[in-house]
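Numbers restart at 1 for each chain; the letters A, B, ... are given by sequence-line order, proteins then strands.
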Amino acid sequence: MDIYLPIAEMPINVFVLMGIGIVVGFISGLFGIGGGFLMTPLLTFLGVPAAIAVASQANQQVGTSLSGALAHWRKKNIDFQMAFILMIGSLIGTGIGVQIFKWLKQIGQINLFIALSYVSLLSVVGLLMLWETAPRLFKKEERVRAAPRIPQPALDSQKGITVGWGAGTNLAMDFPASNLRVSMLLPLFMGVMAGMLVSMLGVGGFVMVPAMIYILKMPPRLVNGTSLVQIIFTSMAATVMQSVSNHTVDLLLAVLLLSGSVIGVPFGARLSSHLRSEVARFLMALLILGVGGMLLKNLMFTPDTLFSIDVTVL
Amino acid sequence: MMKLFSSLFPSLRGGRKADAAIQLRGVCRAGESNAAWTRGRLDRHARMRSLAMTIGLYLLVLLAAPFASSVAHAEPEAVVDLAEDFIPVTEDFDGARMTVFGALRSSKSDIIVVFEGPPAKALIRAKIKQYGIWVNDNPQTLEPVPSFYAVLSSQPLNKLMKPDALEKLALGLNALSLNGAAGEGLKLDRAAKGLYIELPAAVKIRDKKLFRADIYLPPNVPVGTYKAMIYEVRGGAVAASRETSFKIEPIGMASMIRRLAVEHPILYAALAIILVLLIGGVSAHLFRKAS
């Protein structure tokens, strides 16, 4: 059954779209990540223009991250104060990102930019994960749901809280929920980065989660929920700004993807409790590298058509 | 003309507008031969309509004959009509069919029909390989170009007219003044998308009196006002021509969404956000146990 996407201006099969949503949702649930890094390339493989795929994916991400954040909220796994600071940064980042996006669209290099960014981002993250998980995977280890190896943070001996970057400066801020003291510039800056990523590439948590563990030194327990809260607002801002500046948000596309995604997530989440964490992360690394490889192939091989053409009715 | 049909054959007429979003789902996709489905995988409804059209045409010729002979010296206009003057694009739009039909003035005539979409601006970027990857080169603009262009004829164009005559009237893909690598690229691209079409046998002539041309407009057809130009060709020259037009417009949800997105982007974004928040929130509640 085909449906006509009003903004992408193309007919597309409803079941294929929902199928993509279910698969990506399942994978998000399984690995505990947002599915943006998978969703955008899959949509472009289907022929949806990359700019519309990115913006609509940001829109549907509002729904997936709300759904995820609510689950974490019930388990009290959210540092709202941190989420707030990250959010302020990400609003700035989204504003910058959307403008860069607009400029790239004007000079006709947006597709190239998206493809190149995806290839580099996916290969770096994929290789890092592979490097981290592969050795542990083949060791006979006891089955623990191990947290990723975190460099042992420095502790303030008096208060027993983690001391992060810039903790001694005027801008230092205490985050009681995370038991952390860090300069507020760091989460602010990371928020800016996250906002740019969401608005230009439609990806969020997949880079934020490791960054919050390794750079911000937040307790891993709080990282997923906190980043999800921040992504809700970042994606909302991206939706509004993309819609105003670029008219690239396809509401129907977002709703169909999300409808599939919310079905897939719980199944993935259920399966994840039966999967060793190293195995899950190893599989995810392979998946990430696979998607990256496919995008790289598209960049390097001779394209089907030697022209990229935009026709606008006057 | 259609009014004439409907008054004569009210039972045969059927839902005219709905019909345009056509019966032949999936039979012919963009770029495939139009002839395949013209040849008769029409469903019953279309068959009846086709019959009505033929009967109507005969009547038309009968009615027109005395009139035509009385003004024979003044080169009467070719008698033509379109099956539809409006094609709605709805959410489930998967292409539509358009038919042009009419009467020949001479049994020796051939017919060329040109369908032209609204004028457009084309931004063409050649893909070039730099540092091992394919990137877009600086753009070239062609303006105006037809957003849709189809030439249907009763015989191959080069058998009907000389190349320079074709060029003068911009008949045929070769005659379109889209020069250079960019122009050729545009032609290839549009042809691959089923938006630039040449169908050298799509005009059917019946009893040397009536003609009928069917075209399949693919789902990705640009919306706007279309021109249909009908040329009656005899002895290598145009003996008569006629121009008519029809509209392809989005209606229903798709057009509402599009209009909202362009005219009220903030409202549109708000709607998009509320929708996904609702779906996300409800699903979180429904699948509470699973996560």
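Of the N and O atoms on the side chains of A:Q60 and A:T64, not one donor lies less than 3.5 Å from an acceptor on the other residue. There is a side-chain donor-acceptor pair under 3.5 Å between A:Y118 and A:T40.
Looking at B:V89, the atoms closer than 4.5 Å to chain A (heavy atoms on both sides) all sit in the side chain, from C-beta outward. Contact of B:A182 with chain A is made through the backbone alone, with heavy-atom distances under 4.5 Å. Contacts between A:L5 and chain B at a heavy-atom distance below 4.5 Å are absent for every atom of the residue. Of the atoms belonging to A:L112, it is side-chain heavy atoms, and not backbone ones, that fall under 4.5 Å from chain B. With a 4.5 angstrom heavy-atom cutoff, B:M253 touches chain A only via side-chain atoms. Contacts of B:P139 with chain A are absent, with no heavy-atom separation under 4.5 Å from either backbone or side chain. Heavy atoms of A:I7 lying under 4.5 Å from chain B belong to its backbone as well as its side chain. Neither the backbone nor the side chain of A:L296 comes within contact range of chain B, judged by heavy atoms closer than 4.5 Å. Contact annotation for B:E143: only side-chain heavy atoms (C-beta onward) come within less than 4.5 Å of a heavy atom of chain A.
The closest side-chain heavy-atom distance from B:L157 to B:E198 is below 4.5 Å. Contact annotation: the side chain of B:I248 never approaches that of B:F86 to less than 4.5 Å [non-hydrogen atoms, C-beta and beyond]. Taking the side chain as every heavy atom from C-beta outward, B:R242 and B:M229 never approach each other to under 4.5 Å.
Aromatic rings of B:F115 and B:F148 (six-membered ring for Trp) have centroids beyond the 6.0 Å cut-off, not under it. No close placement of the A:F267 and A:F26 rings is indicated, their centers lying 6.0 Å or farther apart.
Per-residue heavy-atom pair counts under 4.5 Å with chain B were compared for A:V249, A:L70, A:N59, and the maximum is reached by A:N59. Top candidate by heavy-atom pairs under 4.5 Å with chain A, chosen from B:A270, B:G132, B:P146, B:P250, is B:G132. Annotation: maximal heavy-atom pairing with chain A below 4.5 Å, among B:G117, B:G224, B:P119, occurs at B:P119.
With respect to B:K247 and B:D85, no salt bridge is recorded, no charged nitrogen being found less than 4.0 Å from a carboxylate O.
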